[in-house]
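If you're wondering where the values come from, they're calculated on a predicted model, not measured in any experiment.
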Amino acid sequence: MTTRRYVSRKRAITAAQTRANILDAAQKLFVENGYSRTTLQEVATAAGVSVQSVYLAGSKASLMMAVLERGFTGDEQFTSLLERPEFLAIMSDTDTERALDRYVDFVVTANSRIADLWHAATLAADSEPAIGEQLERSELRRLDDVHTGSYWFVQRGLLGDSRVDEFADILSYLTASDTYRYFTVERGWTQSRFTAWLRRSIAQHLASE
């Protein structure tokens with residue numbers, strides 16, 4: 001590796017880490033203080049960078065959209081949930097009951113990570129149309145993933161073809177971050193209690209087949 005390539009690679013790594021620090025700080029402040037009360041100067045201070053670095057990373061609205069995308073998918077590049085290795089590993093488990101348990105744990109863990117952020121973004125959407133549009137796109141993608149993924153239940157003999165649309169609607173509601181937040185934040189349920197409820201609820205709707 002030439003010196004020039006080494007320096008370029010090092011700069012790219014540093015820039016990526018700086019952006020990650022900015023997004024981490026923005027997410028924490030958006031959740032704790034609310035979008036409207038968070039300033040870019042506060043983000044800079046929390047990230048340990050200059051405010052100019054934050055400006056270069058994007059507007060406050062673009063930072064919110066970036067942390068939303070990262071919260072949903074783990075990075076800023078959209079990849080369908082159905083294509084992600086960790087999810088594919090769960091769905092390829094030959095033990096159906098174990099696969100369902102792993103799926104529920106996966107959903108609960110993901111929602112515990114993004115539920116408060118989604119709530120903050122929903123409130124921010126009242127004043128930032130771009131954030132509202134991002135939320136709508138993300139939700140449409142989630143609904144599409146849930147509908148497509150519902151055919152897994154058909155393949156495992158748990159669901160008839162004629163019930164896919166109905167079951168997908170139910171599963172979309174059960175696994176939504178708003179549902180998770182309602183029970184764990186507004187109603188004070190523990191995560192383990194919610195996990196058990198979600199697993200039972202899915203089983204009950206499959207049993208009605």
Contact between F167 and L206 at the side-chain level, heavy atoms closer than 4.5 Å - yes or no? yes
Is any side-chain heavy atom of E97 closer than 4.5 Å to a side-chain heavy atom of R199? yes
Angle between ring planes, F194 versus W197, binned at 30° and 60°: parallel, tilted or perpendicular? tilted
Could you state the interatomic distance from OG (S138) to CD (E133), rounded to the nearest 0.5 Å? 11.5 Å
S53 vs S50, test: side-chain hydrogen bond (donor to acceptor under 3.5 Å, both in side chains). Steps then yes/no. CA-CA 5 Å; S53 294; S50 68; 3.0 Å; yes
Treating S62 as the side-chain partner and S59 as the backbone partner, does any N or O pair qualify as donor plus acceptor under 3.5 Å? yes
Within this structure, what is the CG-CZ distance for the pair L81 and R142, rounded to the nearest 0.5 Å? 10.5 Å
Just do the side chain to side chain contact (heavy atoms under 4.5 Å, CB included) check on W152 and L159 with the steps written out, would you? CA-CA 9 Å; W152 179 87; L159 188 70; over 6 Å; no
Using every non-hydrogen atom in the two residues, find where T175 and L171 come nearest and quote the distance to one decimal. OG1-O, 2.7 Å
Find the distance between CZ (R163) and CG (L158) and round it off to the nearest 0.5 Å. 11.0 Å
Taking the side chain as every heavy atom from C-beta outward, state whether M64 and K60 have any atom pair closer than 4.5 Å. no
Side chain to side chain, E86 and I90, heavy atoms closer than 4.5 Å: no
Can you tell me how far the CZ atom of R187 sits from the CZ atom of R181, to the nearest 0.5 Å? 13.0 Å
Is the closest side-chain heavy-atom distance between L100 and V104 below 4.5 Å? no
Should L123 and F30 count as side-chain neighbours, where that means a heavy-atom distance under 4.5 Å? no
Quick check for you: to the nearest 0.5 Å, what is the distance between Q134 atom CD and E139 atom CD? 12.0 Å
Do any N or O atoms from the side chain of S92 and from the backbone of A89 form a donor-acceptor pair under 3.5 angstrom? yes
Looking at side-chain heavy atoms only, is the closest gap between R84 and L88 below 4.5 Å? no
For R70, is there an ion pair with D24 - N to carboxylate O distance below 4.0 angstrom? yes
In short, L40 meets L63 closest at the heavy-atom pair CD2-CD1, 3.9 Å
What orientation do W189 and F183 show, parallel under 30°, tilted 30 to 60°, or perpendicular over 60°? tilted
Y180 and side chain to side chain contact (heavy atoms under 4.5 Å, CB included): which partner among N111, T195, V185, L174? N111
Taking E32 for its side chain and L29 for its backbone only, find out whether a donor-acceptor pair lies under 3.5 Å. no
Using every non-hydrogen atom in the two residues, find where A57 and R19 come nearest and quote the distance to one decimal. O-NH1, 3.0 Å
Got a second to check how far I131's CD1 is from L68's CG, nearest 0.5 Å? 7.5 Å
Evaluate the side chain to side chain contact (heavy atoms under 4.5 Å, CB included) criterion for residues T190 and T184: first the C-alpha distance (whole Å), next the side-chain angles of each, then the deciding distance (0.1 Å), finally the verdict. CA-CA 6 Å; T190 62; T184 60; over 6 Å; no
Which heavy atom of V164 sits nearest to which heavy atom of V154, and what is that distance? CG2-CG2, 3.6 Å
Just so I know, are the side chains of D93 and Y103 near enough to count as touching, which here means a heavy-atom distance under 4.5 Å? no
Of all heavy-atom pairs linking A168 and V146, the shortest is O-CG1, 3.6 Å
Which pair of non-hydrogen atoms, one from D95 and one from R156, has the smallest distance, and what is that distance? C-NH1, 4.3 Å
Say whether L56 and I22 are linked into one hydrophobic cluster, either directly or through other cluster members, by side-chain heavy-atom distances under 4.5 angstrom. no
Single-linkage hydrophobic cluster L198~L143, side-chain heavy atoms < 4.5 angstrom: no
